[in-house]
Amino acid sequence: MDQKIITELRQAIGADRVSTAPEDLAAYAYDGTWLETQPDVVVHPQTTEHVAAVLRIADVRRIPVVPRGSATGLAGAAVPVPGSICLNMARMNRILDISTADTLAVAQPGVITYDLQKAVEKLGLFYPPDPASVYQCTVGGNVATNAGGPRCLKYGVTGDYVLGLDVVLAGGHVLHLGGRTIKDVAGYDLKRLFIGSEGTLGVVTEITVRLIPKPKAQLTALAAFPKLADACQAVGNILQAGVVPLVTELMDSATTKAVEDFKHLGLPTDVEALLLVAVDGDAELVQREIVIVADILRRSGARDVRQAKSAEESEALWEARRSISPAIARLARNKLGEDITVPRSRIPEMVARLHEISQANDIPIVVYGHIGDGNLHPTLLCDRRDGAVMQRAAKAAGELLGAAVALGGTLTGEHGIGVFKRDHIREGLDANALAFMAGVKALFDPNGIMNPGKKLPA
Ligand SMILES: Cc1cc2nc3c(=O)[nH]c(=O)nc-3n(C[C@H](O)[C@H](O)[C@H](O)COP(=O)(O)OP(=O)(O)OC[C@H]3O[C@@H](n4cnc5c(N)ncnc54)[C@H](O)[C@@H]3O)c2cc1C
């Protein structure tokens, strides 16, 4: 990048907020995937005005800008593109307001999601979105990916909690969208366009989120199902009984074996599926509901149901779920984590297709996910040093995406399109809708500087 532009950036937002140090360029080259591209410069804005100044310069000079939260993304969306400015939002990390009167919070985008959760919980409030990366990821990154998590069946995803956004567009224009009210139908709801837009339309610099009262208690049951299809049916049966579970987490037999080998928790490894179900609410209600849930799990075909009677026992059951990522990481040198979603009733067919795809391509696939919302994370075990394996893994990934769409599902439930799924997006989205999306992109970012090469097809 021309040194004049670096100087311009330093003059605009302060020299200590602009770095071209080789160690910074290397450190900011990644996200949660294995992709790697160094930016030409890393900038660390601390105010909306700083972001506007950077985007003004970038737009005039036609320099690509890649916003970045904590870079835990699993689609390559925060990986810089060649010649780009990495816009690191981590220093905009203040919680600006928590209002018990209006049950909302206002945060800068670099606030770590867990920090927001804990801050509101101190006041008896609850911010439900809970991606498994909650200790690392940012609220801004969650908005830009419309992050989900295990609690979505009951509480929805990040976008369901966003009341207002401040957004800076290419060129430095600032938009104030939405506000502090739950109802708001004045004008078009532009803020929804930015939720899940993966930094391709603008930069989120302030977020107002809705909060709810914190549920007082939570209890968990863990059930072993000889037949995976029965575990899926059990979730439907629980809902039909009038209980909306907090989480319904599925682990297939390969995932269970991996966790058991890693943690030795005494999990049954001779069943097709483990199902973790949690309920939350008032203490009395939770005690009643967990009994109903355990009963339904048994009647739906579970062989072994462990029912927590206290918060401590619940925690012990959660250990299995929490250990999935590190347990799978021990199975192969690399893993390709997918994120398909299908209608809940189609999960057994989807899992059967995954086994076929795994065998046909000779690529081991382990499956776990949030089955209440049909969101599965088939994880392909591979080794990046082996070109033939990677080719087969890419083919298997393409096939499983196609299978999800064929079953009425979608390419991604929560991780986003980023770079990884760009080549498949035409399979998953209507051509007319894609043309309108390209029009939206051109409207907000006419010079195409915002995170180019991500989200939409080339
Ligand atoms: C172990 C692990 C578990 C995970 N579990 C889940 C899960 O349960 N559910 C889930 O949904 N995801 C999950 N993820 C994926 C990831 O954590 C989420 O996508 C998260 O929302 C990304 O937040 P981040 O701050 O790391 O954003 P980044 O990865 O830095 O960025 C993600 C995208 O958002 C854009 N962006 C970031 N900040 C802004 C901003 N202020 N304005 C505009 N665009 C911005 C970036 O350009 C990029 O396109 C997991 C990841 C890991 C590593």
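Model, not experiment: these values are computed from the prediction. In listed order, ligands and their atoms are each counted from 1.
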(request) Within a distance under 4.0 Å of any heavy atom of V203, pick out the atoms of ligand 1 and give their elements. (result) 42 (N), 43 (C)

(message) Give the atom numbers and elements of ligand 1 that come within less than 4.0 Å of a heavy atom of M89.
(response)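 Those qualifying, in numeric order: 41 (N).
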
Looking only at distance, does [X] have an N or O less than 3.5 Å from an N or O of ligand 1?
{"X": "R68", "value": "no"}
{"X": "V66", "value": "no"}
{"X": "S70", "value": "yes"}
{"X": "G202", "value": "no"}

Nearest-contact summary for [atom] - protein heavy atom, Å:
{"atom": "atom 20 (C) of ligand 1", "answer": "N142 ND2, 3.5 Å"}
{"atom": "atom 33 (C) of ligand 1", "answer": "T145 CG2, 3.8 Å"}
{"atom": "atom 28 (P) of ligand 1", "answer": "A71 N, 3.5 Å"}
{"atom": "atom 31 (O) of ligand 1", "answer": "A78 CB, 3.6 Å"}
{"atom": "atom 53 (C) of ligand 1", "answer": "T72 O, 3.5 Å"}
{"atom": "atom 11 (O) of ligand 1", "answer": "G148 N, 2.9 Å"}
{"atom": "atom 29 (O) of ligand 1", "answer": "G73 N, 2.8 Å"}
{"atom": "atom 25 (O) of ligand 1", "answer": "T138 OG1, 2.6 Å"}

Nearest neighbour of [atom] from the list [options], on a heavy-atom basis:
{"atom": "atom 27 (O) of ligand 1", "options": "A329, G141, G416", "answer": "G141"}
{"atom": "atom 7 (C) of ligand 1", "options": "A132, S133, A77", "answer": "A132"}
{"atom": "atom 39 (C) of ligand 1", "options": "G140, P326, S325", "answer": "G140"}
{"atom": "atom 42 (N) of ligand 1", "options": "T200, V204, I417", "answer": "V204"}
{"atom": "atom 45 (C) of ligand 1", "options": "A144, G337, A75", "answer": "A144"}
{"atom": "atom 30 (O) of ligand 1", "options": "G413, A147, G69, G149", "answer": "G69"}
{"atom": "atom 10 (C) of ligand 1", "options": "E414, H377, M450", "answer": "E414"}
{"atom": "atom 46 (C) of ligand 1", "options": "G199, G110, P67", "answer": "P67"}

Location of contacts on [X] toward ligand 1, heavy atoms closer than 4.0 Å:
{"X": "E198", "result": "both"}
{"X": "H415", "result": "side chain"}
{"X": "N451", "result": "side chain"}
{"X": "P109", "result": "side chain"}

(message) Side chains of D339 and T412 only: does a donor on one sit below 3.5 Å from an acceptor on the other?
(response)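 A pair is found: one side chain offers a donor N or O, the other an acceptor, under 3.5 Å apart.
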
(message) Can you see whether T158 engages N142 through a side-chain donor-acceptor pair at a distance of less than 3.5 angstrom?
(response)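 Distance-only check fails for T158 and N142.
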
For residues 192-202, please give each side-chain donor-acceptor pair under 3.5 Å, one per line with the distance, not counting sequence neighbours.
from : atom 1 : to   : atom 2 : distance (Å)
R192 : NH1    : G159 : O      : 3.1
S197 : OG     : F194 : O      : 2.8
E198 : OE1    : G418 : N      : 2.7
E198 : OE2    : I417 : N      : 2.8
E198 : OE2    : K455 : NZ     : 3.0
T200 : OG1    : S197 : O      : 2.6

(request) Keeping the roles fixed (side chain from K454, backbone from A77), state whether a donor-acceptor pair exists under 3.5 Å. (result)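 Yes: the side chain of K454 pairs with the backbone of A77.
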
(request) Could you tell me whether the side chain of D40 and the main chain of M1 form a donor-acceptor pair under 3.5 Å? (result) yes

Any salt bridge between [X] and [Y], counting N to O under 4.0 Å?
{"X": "D97", "Y": "R180", "answer": "yes"}
{"X": "K118", "Y": "E121", "answer": "yes"}
{"X": "R333", "Y": "D386", "answer": "no"}
{"X": "E315", "Y": "R322", "answer": "yes"}
{"X": "K421", "Y": "E427", "answer": "no"}
{"X": "K191", "Y": "D189", "answer": "yes"}

(request) Please say which of D102, L96, I95 ends up in a side chain to side chain contact (heavy atoms under 4.5 Å, CB included) with I98. (result)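 Running side chain to side chain contact (heavy atoms under 4.5 Å, CB included) over D102, L96, I95 with I98 returns exactly one hit, I95.
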
(request) Determine, stepwise, if the pair I324 / M251 fulfils side-chain contact (heavy atoms from CB on, under 4.5 Å). (result) CA-CA 9 Å; I324 290 178; M251 294 160 62; 3.6 Å; yes

(request) Indicate yes or no: at least one non-hydrogen side-chain atom of P457 is less than 4.5 angstrom from one of R422. (result) no

(message) For the aromatic rings, using the six-membered ring if either is Trp, is the centroid distance between H44 and H50 under 6.0 Å?
(response)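 No.
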
